[in-house]
Structures are given as structure tokens and as C-alpha cells.
Amino acid sequence: MKRIPRSHPLHNFCAIVALTILIAAPTYLAFEPNEWRNTQAFEVPAKGLVRVNVPPATLDAAQPGLEDLRIIDSKGDQVPYLIERLLPDAESKMRPAEFRSTIENGATRLNVKTGTSAPIIGVTLETPATRFMKAADVEGSSDGTTWTKLAGGDSLFQLPNNAAKLRVSFPEGAWQFLRITIDELGSPPMPFTGAQLHKAHTTAPAEAAAVTIKSRDESPGATRLALDLGAANLTLGSLRIESNEPVFTRAVTLAVPEVGDDGIRERNIADAVIYRVNVNGKNEEHLEIPLESQIQTRELFVLIRNEDSPPLSIDTVRADRRLVRLTFFANQPGQYSLLSGNTQSAAPRYDLSALSGKLKNASATVVVPSALVLNPNYKPPEALAAVTLTGAQIDIAKWKFRKLIPLTQNGVQQVELDPQLLARSQPDQHDIRIVRGEYQLPFLFERTSLSRPISLSAAAANDPKKPALSRWSLKLPQSGVPITRVVCASSSPLFHRQMRLWEEITDERGDKFASELGRATWDQTPNAPKRDLVIELNARPKSNTLFLETDNGDNPAIELRDFRSYYPVTRVVFKATPDPARPVWLYYGNLDATAPHYDLTLVAGELLKADRNTVAAGPEENLSPKPSLVGQTLTGSTRYIFWGALALVVIVLLAIMSRSLPKQSQ
């Protein structure tokens, strides 16, 4: 019997028939629709294959892996479906069979034998050179004799800040040979050591995502954007940062909030360099950051490193998302429903996965579901109901300080820890508790990439014995503020200085010593843009007075101004409802406390997706009992002097008393 090839139309017809028989069979999958929070209706006009494009609102309401999506027919029966995530094939690279570089008539010519019959869409050149601007022409040939021009005058460059373009793209085609001619643009020839060929890849449909900039925060050398993607669980193809500035180069990092063992932290998911430059009179730009990643939260952070340049003007941020669709077989026309929003649901197991290749290309009726609405028969508690609102009982006698958290709205709350609180708590904040009555409220720490400034009160503190040394005294609001960076500016036009930051520490015996906190080199020239001094601290200060100093040598002293420091932003995130009769307090200042452990981490994903109420803690209340003895108020060397003097007085009194006593007769 003659075998029918897989590409034959009859083979495809048989596959579709088998598919129809399989998925048209009646299914009676037991489940309770009222356990699903949301529903969306859609109309199926005729029997057959149906395709539903999943809207962003549905993705936002569903589990990250879409395990809880269900389709039911007009009878209320569950209908098997297949999830299709429309993603492009990853672009592949390959080394050519041969690569030769020659110099002909003062120009560099690269001859490449591809060694493949697959379609090629570009070539990336390799060079050890670190700074250059060139142009390239590319020709293709199938026999090495007849050549077709594929690209002309394409820019190649490597600039400071890692802005680079070493790829030349051209129309898709199969070429046995490539010839690349480098226009040196008046500069000496440079070596090219190799190349990589880019094979053609499939594309995938995408649509614009509704991105808004929630906040923009500036810190020395960096800009941080918090983006709202409009929905969680979106698969972003790319992100584009729009700016009207004519020339710039910036390194960019994309990050997402993620729950770890110690709370919520930011995880980097992509690094890129965006730029707009003019190369030999030709404008070149690269503003798009490829992603092809699922973002499980509504929030995405963009960290732009400005270095010594001013903050970048940003008009808007755009993103495109990859489509997700559900394909199923409708036994009959009528109204169907798409259910979502069941955090306890496991993924269904249907017999359709083996037929995904056939379903992907099969023709189907495309339907659009209605807007997401609450299931009228859904009765379980609200989202985050699994979170226990009260934790274990707590004895607050050992805590020295507290602040009131004035709640005004129900739901998830976030409180940013201020410098005063951070200074009085443990370095890792293990002693922080949120308390209502006698019980704790479970919470998560959120440790962000944000920094907040604190102004420093500065004064000259020069040592007369060291005239070549310039020293400044910098005052913090209080001891122990966990700053990580000190910044200042200078009006002096020309200098080169080694800067040292330190503090004076007193040990338990009353001895004083200098503890270095950080060092930095600072250069400034008249023709270069002025830049601030930035010293990163390698330890947390223990006192409230820092010293910044530099040795001027035989040069005049430099002028410094605008002293400021920065500390990292930490928040606590918890769920609570307002109750005037039972206020919520934030306790801290217990050196013996250990880190709390709550079951809240089991539903941390819900906390990340929920909208939060931002609350500012009230003024500090000191709970420490006032010392009743003079000796309890003394610290350092004063304590030892006090007790030593007291002991001396006791000895003298005993000696006097012994002399005044009558002598015992023999």
C-alpha cells in the first residue's frame, strides 16, 4: 500500500477528522462552577472549532499558569480546550564555514562562506576594537561570481557606555557567500576577527499593552520608573522607552517584584543599552528592549543609569504583549462561558495536548468574550481571605518604641519605614512587629531599589596641626541612620582628590578610634561637565557625626556644598481593616527579638497583585521606663568613672568608720 506523505492534503484532512471525533465526544467533567469568581460570556455561531483570544483582564484575574480557566457550555458542562501561547521562535545564530579578512585599496573586505542553505537575515561582526565608527556594504552570492547588493552604508560602531551596533540586517534570503566591504570613514583600518550569521525566524502576533508610569524617582546617577502594565500575567514581547532628546546613551535594567524568604525583593529580568546617536551624519537609535517574558505582577521597574549625565527626558513607555488563545470544539451553537479566578484550582488534564500542532494551524471561528463580571453565585470570601488577620499573641514589654498606623481603608496596606525607625531598629529589621491589641498582624518586608535623600548639616572641621588637610563635619538627624551613600557638589573648577569618609567611635572602655566608612576619587576639569562626589558606604554608621576629608597637598583647598546622604527604602505590607476601638501599632527597638515567621508567604502572590493603600506611620512613642538610678543613665567612660568614684568613696567611709570604732582590749 502506498504511504500518504504527511504534507499531503488528505493527511491533514484525516487528522482534522480524528481531532473532531476526539474532542466532539461528550465529556462529563465534574466541577462546581460557583467556586470560580469571574465569568465572561461569548456566543458561538455554529458547531466546530472555536478560538477565544484571552483578554488582559482575564489574564489578570487568573492564576499565572492559567490553571483555573474553564469553558462551560449552555448546559453547564465543562468543555475541554487547549491553551496556545503565540510566541516567536528564538532567533538562532551560527558560525560561517569560512571567514577571511583582507585589505584591498585601503578598505577592509570580509569574505564569508555561509555553509548553510537556510535563509539568512543578517550578520554580526566581531572585533577587539572598543571605540570606532564605520559603515558597511553587504553583497550576497550563490556561486561566488554573481553578486547581489543586500545592504549599503549601514553603520557599525562601538561607543562609550556600551552603545554598540555590530549587526547588519538585510532581506531574508539563502546565500552561499557574503561579501562585506567596510568603509573606514577616513580612519585607519581595524581588525575583524569573525562573524555570526542570523537565521530567519518566525514571528508572532502582538498587541499594545496599556502601560502607564506610576512614579519616577531620581537618585544620584540613576532614574527609577515604576510602570503599571494594566494587568498581571502578561507575556511582554518588548518594551520601548520614548525620549525626545537628540543624543543620549543609557544602560537600562528591567526588574520585577518577587517574593523570597525574607519578603519582597526586586529581581532583574533584562539588561540593555538604549541610545540615539549621530554616526557620520546618519541618525541611529535603539530604544527597544526585547523581553519575551511573562510578568506575573502588574508592576515593572525600569532602572536607568545616568552616570554623570543629567536624568533622561522620557515622554512615554510602550510595550507589546504576546497573545494567548483557547481552542476548543463546540458540539452545538449557543452561549458559552469562560470562568476564571479560582486560586485553589489545579490545571485540568485534557486529551488535547498531543494534537496541539494540528489545532494551531486549523481554521476556527474566532470569538470575543464579554467584559469580566463577578459570578453572581460566587459566595466564598474575598481575595486574600486565606490570610489570617491575626497572628500569635505578643508580649510587647521588651519593645522600646512604637508608632501608630492610622488606617482609613480596608485591604492591603503598605507603610514605608522612616529613617528614625530604621535607626532605632535592628540592622535587618528583625525586631519590627505590627500589633493590634495583644496579637500580631502578619506582614511582609518589601526591599526596593529606591533611595530617599537626607540632608546633612555640614561645618568645617579642619585640624590646625595639618594645614594641607581639608575636613568637614557632617551631622545626621540621629545616630544609626542606615545610609548607604554620601553625595556633595563642588564649585571648584579643577582638582583631583582622594576623598575619605569616617566616623569616631567610642568603645566600651571609653577609648575613641576612627572607623572608615568609604573612599572615592574625585576629578573635575573646566571643560568637562561637573559631577557630584558619590561615596558608597561599606558599613552602617553608628554615630550621628561623619567626617569627610581630603589631602590638598600643595594645591588650594576645594569648596564643597550641598551635602546629602541616601538610605534604601524598605516597606512593610500587610492586610488590615480600620477599627478605631482597636488601633494598629508598629513596634520596634528590641535587640533580643528574632525574625518573625508568618504563613503569609503562602499567599504572597495575592499581596503582589492587590492594590495597596499607602499609609504613613505617626510620631514615635518612647516606651522605655525612665531610669531610676543615676548609674543607668551613664555610658562609655563616664560609667566607669562614676562607679570607680563611688567605690573609692565607700572605701574611704569604711576606713573612717574603722578608726572611730573602739579598740578591742587585750
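With 3.5 Å as the limit, one finds no donor-acceptor pair spanning the side chains of Asn268 and Thr253. A donor atom on one side chain and an acceptor atom on the other are not found under 3.5 Å apart for Arg131 and Gln158. Side-chain contact annotation: Ser490 with Gln524, donor-acceptor N/O pair under 3.5 Å absent. Checking Ser449 against Glu266 by side-chain atom types alone, a donor-acceptor pair falls below 3.5 Å. Side-chain atoms of Thr124 and Gln196 include no donor-acceptor pair closer than 3.5 Å. Under 3.5 Å, the side chains of Thr114 and Gln176 contain no donor-acceptor pair of N or O atoms.
Two residues are said to be in side-chain contact when any heavy atoms from C-beta on lie closer than 4.5 Å; Ile535 and Arg485 fail this criterion. Contact annotation: the side chain of Ser101 never approaches that of Pro191 to less than 4.5 Å [non-hydrogen atoms, C-beta and beyond]. When side chains are defined from C-beta on, Thr127 does not count as touching Thr193, because their heavy atoms never get closer than 4.5 Å.
Of all non-hydrogen atoms in Leu444 and Gly263, the two that sit nearest each other are CD2-CA, 4.5 Å. Of all heavy-atom pairs spanning Ala231 and Pro56, the tightest one is CB-O, 3.5 Å.
Sorted by first then second residue, the ring pair (Phe, Tyr, Trp, His ring centres under 6.0 Å) pairs that include residues 191-218, not counting sequence neighbours, number zero. For residues 259-297, the pairs satisfying ring pair (Phe, Tyr, Trp, His ring centres under 6.0 Å) are Phe157-Tyr275, Tyr275-His286, with sequence neighbours left out. Applying the salt bridge (Lys or Arg N to Asp or Glu O under 4.0 Å) test to every pair with at least one member in residues 157-171, sequence neighbours left out, gives these pairs: Glu91-Arg167, Asp154-Lys165.
Between the side chain of Asp137 and the main chain of Thr181, no donor-acceptor pair closer than 3.5 Å is present. No side-chain donor-acceptor contact under 3.5 Å links Arg276 to the backbone of Leu287. Using a distance-only test at 3.5 Å, with no hydrogens or angles considered, a donor-acceptor pair links the side chain of Asp68 to the main chain of Gly341. The closest donor-acceptor contact from the side chain of Glu299 to the backbone of Thr297 lies at 3.5 Å or more, if one exists at all. In this structure, Arg452 contributes its side chain and Tyr567 its backbone to no donor-acceptor pair below 3.5 Å. Put simply, the side chain of Asn306 never gets that close to the backbone of Arg250: no donor and acceptor are under 3.5 Å apart. One N or O on the side chain of Glu245 and one on the backbone of Ser313 form a donor-acceptor pair closer than 3.5 Å. Between the side chain of Glu98 and the backbone N or O of Asn111 there is no donor-acceptor pair closer than 3.5 Å. No donor-acceptor pair under 3.5 Å is formed between the side chain of Thr570 and the backbone N or O of Arg447. With hydrogens and angles disregarded, no donor-acceptor distance shorter than 3.5 Å links the side chain of Ser492 to the backbone of Leu494.
With rounding to the nearest 0.5 angstrom, the CZ atom of Arg321 is 11.5 Å from the CG atom of Asn233. Expressed to the nearest 0.5 Å, how far CG of Leu197 lies from NZ of Lys199 amounts to 9.0 Å. Note that CG of Asp308 and CG of Asp532 are 8.5 Å apart. Values are rounded to the nearest 0.5 Å. The distance from the OG1 atom of Thr365 to the CG atom of Leu49 is 8.0 Å, given to the nearest 0.5 Å. One distance of note links CG of Asn278 with OG of Ser155; it measures 9.0 Å at 0.5 Å rounding. Considering OG of Ser187 and CD1 of Ile182, their distance stands at 10.5 Å, rounded to 0.5 Å.
Applying the side chain to side chain donor-acceptor pair (under 3.5 Å) criterion to Thr58, with sequence neighbours excluded, gives Gln40. Annotation: side chain to side chain contact (heavy atoms under 4.5 Å, CB included) contacts of Asp89 (sequence neighbours excluded): Thr202. A search for side chain to side chain contact (heavy atoms under 4.5 Å, CB included) contacts involving Glu258 returns Arg267, not counting sequence neighbours. Every residue meeting the side chain to side chain contact (heavy atoms under 4.5 Å, CB included) condition with Ala222, not counting sequence neighbours, appears here in chain and number order: Ser219. Taking Glu307 as the reference, Arg305 meet the side chain to side chain contact (heavy atoms under 4.5 Å, CB included) condition, with sequence neighbours excluded. Applying the ring-ring contact (aromatic ring centres under 6.0 Å, His included) test to Phe177 and every residue at least two apart in sequence or in another chain returns nothing. Under the side chain to side chain donor-acceptor pair (under 3.5 Å) criterion, Arg322 pairs with Glu292, not counting sequence neighbours. With sequence neighbours excluded, no residue forms a side chain to side chain donor-acceptor pair (under 3.5 Å) with Arg531.
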Show your reasoning for whether salt bridge (Lys or Arg N to Asp or Glu O under 4.0 Å) applies to Asp320 and Arg318. CA-CA 7 Å; Asp320 58 61; Arg318 307 182 189 278; over 6 Å; no
In sequence, state the C-alpha distance, the side-chain angles, and the governing distance for Asp523 and Thr525, and then conclude on side chain to side chain donor-acceptor pair (under 3.5 Å). CA-CA 7 Å; Asp523 295 324; Thr525 58; over 6 Å; no
From CA spacing to verdict: salt bridge (Lys or Arg N to Asp or Glu O under 4.0 Å), Lys134, Asp183: CA-CA 6 Å; Lys134 308 287 182 182; Asp183 184 349; over 6 Å; no
Please walk me through it: do Val534 and Glu536 pass side chain to side chain contact (heavy atoms under 4.5 Å, CB included)? CA-CA 6 Å; Val534 179; Glu536 302 289 345; 3.7 Å; yes
Could you check Glu446 against Arg612 for salt bridge (Lys or Arg N to Asp or Glu O under 4.0 Å), going step by step and ending with a plain yes or no? CA-CA 13 Å; Glu446 182 180 29; Arg612 304 180 193 172; 2.7 Å; yes
Please lay out, stage by stage, how Glu67 and Ser345 fare under the test side chain to side chain donor-acceptor pair (under 3.5 Å). CA-CA 7 Å; Glu67 298 91 341; Ser345 174; over 6 Å; no
Under the salt bridge (Lys or Arg N to Asp or Glu O under 4.0 Å) criterion, do Glu84 and Arg51 qualify, and how do the steps go? CA-CA 10 Å; Glu84 296 180 77; Arg51 198 162 275 137; 3.6 Å; yes
Phe301 vs Leu450, test: side chain to side chain contact (heavy atoms under 4.5 Å, CB included). Steps then yes/no. CA-CA 10 Å; Phe301 304 120; Leu450 284 170; over 6 Å; no
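Evaluated for a side-chain contact (heavy atoms from CB on, under 4.5 Å) with Asp228, the options Val211, Thr212, Leu300, Ile213 yield exactly one hit, Thr212.
Taking a 6.0 Å sphere around CG of Asp611, one finds it holds 12 or fewer heavy atoms contributed by other residues, nucleotides or ligands.
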Atom pairs and distances, donor-acceptor, side-chain atoms in residues 144-151, under 3.5 Å, two or more places apart:
none

